[in-house]
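This chain uses plain numbering: 1 for the first residue, then up along the sequence.
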Amino acid sequence: MKNQLKLFACVIKQYGTGIYRTCVSLDRDQLIYLGAWPSETTAFETMSRFLEAQQKGEVKTADDIAAFIASLQTA
């Protein structure tokens with residue numbers, strides 16, 4: 001059986017802070033924060049951009065996620 005990427009992505013609201021964190025995981029043992037934003041809309045847009053990149057095959061490993069995070073900082 002071919003190994004399939006198991007992807008988890010979510011937005012977590014930090015109550016009391018007004019911050020929304022976008023999180024992703026490629027396996028059950030590793031959770032990576034893409035970033036934190038004061039806007040729920042921006043957090044969900046970031047997650048959507050990540051999912052699009054993953055579907056295009058641009059994100060397959062933790063190193064790819066690091067590159068994606070770096071691209072967010074220059075956007």
Mind checking what makes side chain to side chain donor-acceptor pair (under 3.5 Å) contact with T17, not counting sequence neighbours?
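Listed in chain order: nothing, the list is empty.
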Student check: side-chain heavy atoms of [X] and [Y] closer than 4.5 Å:
X   : Y   : value
V59 : L51 : no
I12 : C23 : yes
R49 : L72 : yes

For R21 and A36, which heavy atoms make the closest approach, and how far apart are they?
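That would be NH1-CB, 3.8 Å.
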Checking side-chain contact (heavy atoms from CB on, under 4.5 Å) for the pair W37/T46: CA distance, chi angles, key distance, verdict?
CA-CA 10 Å; W37 294 269; T46 301; 3.6 Å; yes
Are [X] and [Y] connected, step by step, through hydrophobic side chains (Ile, Leu, Val, Met, Phe, Trp, Tyr) whose heavy atoms are closer than 4.5 Å?
X   : Y   : result
Y20 : F44 : yes
Y33 : I65 : no
I19 : I32 : no

Short side-chain to backbone donor-acceptor contact, T22 and A43, under 3.5 Å:
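Yes.
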